[in-house]
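Inspection log for the structure reproduced underneath, given as structure tokens.
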Amino acid sequence: MTQSERFSAATLTQFSESVLQAAGLPQAPAAAVARTLVDGDLLGHDTHGLALLAPYIREIEKGGMATTGEPTPISDRGAAVLWDGGRLPGPWLVLQGVEMLIPRAREFGNATLSIRRSHHIGCLAAYLLRATEAGFMMLLSCSNPAAQSVAPFGGTKAVFTPNPIAAGIPTSGTPFLIDISASITTNGMTNRLHKAGQQFDEAWLLDGHGNPSRDPAVLAADPPGTILPLGGLTGGHKGFGLGLLIEALTSGLGGHGRADAAQGWGASVFISLYDPSAFGGQAAFLRQMDWIADACRSNPPRPDVGQVRMPGDRGIARRAEQLRDGLALHPTIPPMLADLAQKYGVALPPTLE
């Protein structure tokens with residue numbers, strides 16, 4: 001299989017749901033996970049889309065991801081809610097959480113859910129359109145208390161994960177979909193390059209002695225290296241600060257994190273929805289965001305840039321194109337899908353002509 005081959009997003013979703021069910025996940029969480037992973041690929045986040053399907057299934061097989069149960073409410077004050085996720089599938093928990101928050105945000109103006117002990121939640125951008133299409137601004141963030149790959153600025157020993165944060169911001173046209181990390185790159189991209197024997201174009205890592213490196217293999221060395229905070233060697237204090245903020249929003253508000261015994265691959269999650277009509281008004285909000293969008297997209301570009309894009313422009317265009325013409329998967333993904341199809345006796349989706 002090659003990168004030029006395309007697959008129907010619908011059949012990939014059905015295939016993923018069937019494989020997850022065959023591995024032991026009930027239909028509802030299997031559907032949520034499958035939809036979220038495919039949405040990640042549709043938006044172009046191919047290290048956090050179907051690339052996660054086999055790792056998720058391994059977690060199911062070894063008991064790292066729970067397959068039964070519901071999130072446990074720990075606290076509920078209407079606009080502020082805490083769940084214990086019980087290590088249930090992260091996409092299922094997040095999608096349930098967003099649906100729970102929408103009517104509360106309409107009632108209170110904003111509503112926030114913290115989820116502790118969730119399993120991994122996949123691509124953050126995959127959740128944003130549900131909120132923006134309903135007229136809400138959404139903030140979503142997560143951290144993994146059981147893993148460390150990012151050192152504090154100036155340090156050499158990992159304390160944090162890349163700590164992503166995402167925001168969905170509605171406009172009169174294409175919404176802004178911001179999905180960034182507090183680190184300069186992600187664990188997923190580092191692992192992909194390491195397996196391929198490739199290096200980063202720039203020194204985005206430190207080896208275990210604190211020397212700049214382009215080689216992702218330093219993370220597996222002894223002593224292990226680290227991923228630099230966003231901003232790198234000179235501006236990494238900004239990424240360090242952002243990472244600390246995300247730790248407070250996720251593990252801090254959730255009351256469970258790095259101060260507790262590690263329980264395996266997972267996430268502390270922060271979700272907040274804001275209804276612009278409860279503040280300056282929906283029309284006023286859109287007027288301000290539309291002005292910003294126009295000012296940025298019409299901004300005179302650098303010589304090597306065709307046009308300034310807003311966050312999400314390329315992802316949304318790619319999503320529409322791939323829904324129409326088929327999803328082009330990263331070359332490493334189709335062989336993994338073929339292995340899962342054979343293992344679980346599920347028919348592999350055909351390529352599109």
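Everything numeric here is computed off the predicted structure, so don't read it as measured data.
- Taking 4.5 Å as the limit, every side-chain heavy atom of Thr11 sits out of range of all side-chain heavy atoms of Phe15.
- Thr226 has its side chain out of reach of Thr156: every pair of non-hydrogen atoms, C-beta onward, lies at least 4.5 Å apart.
- When hydrophobic clusters are built by joining Ile, Leu, Val, Met, Phe, Trp and Tyr residues whose side-chain heavy atoms come closer than 4.5 Å, directly or via intermediates, Leu177 is not grouped with Ile180.
- In this structure, Leu82 and Arg116 have side chains that are in contact, with non-hydrogen atoms separated by less than 4.5 Å.
- Contact check for Ser16 versus Leu53: side-chain heavy atoms found under the 4.5 Å cut-off.
- Leu323 and Leu43 are not part of a single hydrophobic cluster, where members link through side-chain heavy atoms under 4.5 Å apart.
- Using modelled atom types and a 3.5 Å distance limit, the side chains of Ser143 and Thr250 yield a donor-acceptor pair.
- Taking hydrophobic clusters as Ile, Leu, Val, Met, Phe, Trp and Tyr residues chained together by side-chain heavy-atom distances below 4.5 Å, Met189 shares a cluster with Leu228.
- With hydrogens and angles disregarded, no donor-acceptor distance shorter than 3.5 Å links the side chain of Ser181 to the backbone of Ser183.
- Inter-residue side-chain proximity for Ile121 and Tyr127 is flagged as met; some heavy-atom pair is nearer than 4.5 Å.
- Looking only at side-chain heavy atoms (C-beta outward), Phe270 and Thr112 come within less than 4.5 Å of each other.
- Residues Leu206 and Asn211 are not in side-chain contact: their nearest non-hydrogen atoms beyond the backbone lie 4.5 Å or more apart.
- The two atoms that bring Lys157 and Pro152 nearest to each other are O-CD, 3.6 Å, heavy atoms only.
- Remark: Lys238 NZ to Leu230 CG distance equals 9.5 Å, nearest 0.5 Å.
- Atom CD1 of Ile169 and atom CE of Met137 lie 6.0 Å apart (nearest 0.5 Å).
- Closest heavy-atom contact between Val150 and Ile227: CG1-O, 3.4 Å.
- A salt bridge does not link Glu133 with Arg130: every distance from a Lys NZ or Arg NE/NH1/NH2 to an Asp or Glu carboxylate oxygen is 4.0 Å or more.
- Look at Asp84 and Arg117 and you find a salt bridge, because one of the NZ, NE, NH1 or NH2 atoms lies within 4.0 Å of a carboxylate O, short of that distance.
- In this structure, a donor-acceptor pair under 3.5 Å is present between the side chains of Asp290 and Ser172.
- In this structure, the ring-ring contact (aromatic ring centres under 6.0 Å, His included) partners of Trp265, at least two apart in sequence or on a different chain, are Tyr56, His119, His120.
- Hydrophobic clustering (side-chain heavy atoms under 4.5 Å, transitive across Ile, Leu, Val, Met, Phe, Trp, Tyr) keeps Leu52 apart from Leu140.
- The two residues Leu129 and Pro175 come nearest to each other via the heavy atoms CD2-CG, 3.9 Å.
- Contact detail for Leu124 and Ala166: the closest heavy-atom pair is CB-CB, 3.7 Å.
- Ion pairing of Glu247 with Arg258 is present here, as a side-chain N (NZ or NE/NH1/NH2) and a carboxylate O approach within less than 4.0 Å.
- Taking a cutoff of 4.0 Å between a charged side-chain nitrogen and a carboxylate oxygen, Glu321 and Arg314 do not qualify as a salt bridge.
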Decide yes or no on side-chain hydrogen bond (donor to acceptor under 3.5 Å, both in side chains) for Asn187 and Ser149, but give the supporting numbers first.
-> CA-CA 8 Å; Asn187 289 331; Ser149 57; 2.8 Å; yes
Worked check of side-chain hydrogen bond (donor to acceptor under 3.5 Å, both in side chains) between Ser277 and Asp275 = CA-CA 5 Å; Ser277 67; Asp275 183 355; 2.8 Å; yes
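- Side chains of Gln14 and Ser18: a donor-acceptor N/O pair is present below 3.5 angstrom, by distance only.
- Within the model, atoms OH of Tyr344 and CG of Leu20 stand 9.0 Å from one another, a figure rounded to the nearest 0.5 Å.
- Between Arg192 and Asp46 there is a salt bridge, with a side-chain nitrogen of the basic residue lying less than 4.0 Å from a carboxylate oxygen of the acidic one.
- The minimum heavy-atom distance between Pro71 and Trp83, with the atom names listed, is CB-CE3, 3.7 Å.
- A distance-only check finds a donor-acceptor pair linking the side chain of Arg87 to the backbone of Gly64 [under 3.5 Å].
- More than 12 heavy atoms of other residues, nucleotides or ligands shown are found within 6.0 angstrom of CZ on Arg324.
- Side-chain N/O atoms of Thr161 and Asn163 include a donor and acceptor closer than 3.5 Å.
- With hydrogens and angles ignored, the 3.5 Å screen pairs no side-chain donor or acceptor of Asp215 with any backbone N or O of Val218.
- The CZ atom of Phe176 lies 10.0 Å from the CD1 atom of Ile316; values are rounded to the nearest 0.5 Å.
- Salt-bridge check for Arg104 with Glu99: failed, with every basic side-chain N at 4.0 Å or more from each acidic carboxylate O.
- Remark: side-chain polar atoms of Gln322 are paired, donor with acceptor, to backbone N or O of Asp41 under 3.5 angstrom.
- Side chain of Asn191 to main chain of Gly188: no donor-acceptor pair is present (N/O by atom type, distance under 3.5 Å, no hydrogens or angles).
- Residues Leu139 and Tyr274 are in side-chain contact: their nearest non-hydrogen atoms beyond the backbone lie under 4.5 Å apart.
- Atom CZ of Arg35 has 12 or fewer heavy atoms from other residues, nucleotides or ligands within 6.0 Å.
- In this structure, the separation between CG on Leu249 and CD1 on Ile271 is 12.5 Å, given to the nearest 0.5 Å.
- Shortest non-hydrogen contact noted between Ile292 and Met310 is CG2-CE, 4.4 Å.
- One hydrophobic cluster holds both Leu37 and Met65 under the rule that ILVMFWY side chains link at heavy-atom gaps under 4.5 Å.
- Between the CG atom in Leu193 and the CG atom in Leu219 there is a gap of 11.5 Å [rounded to 0.5 Å].
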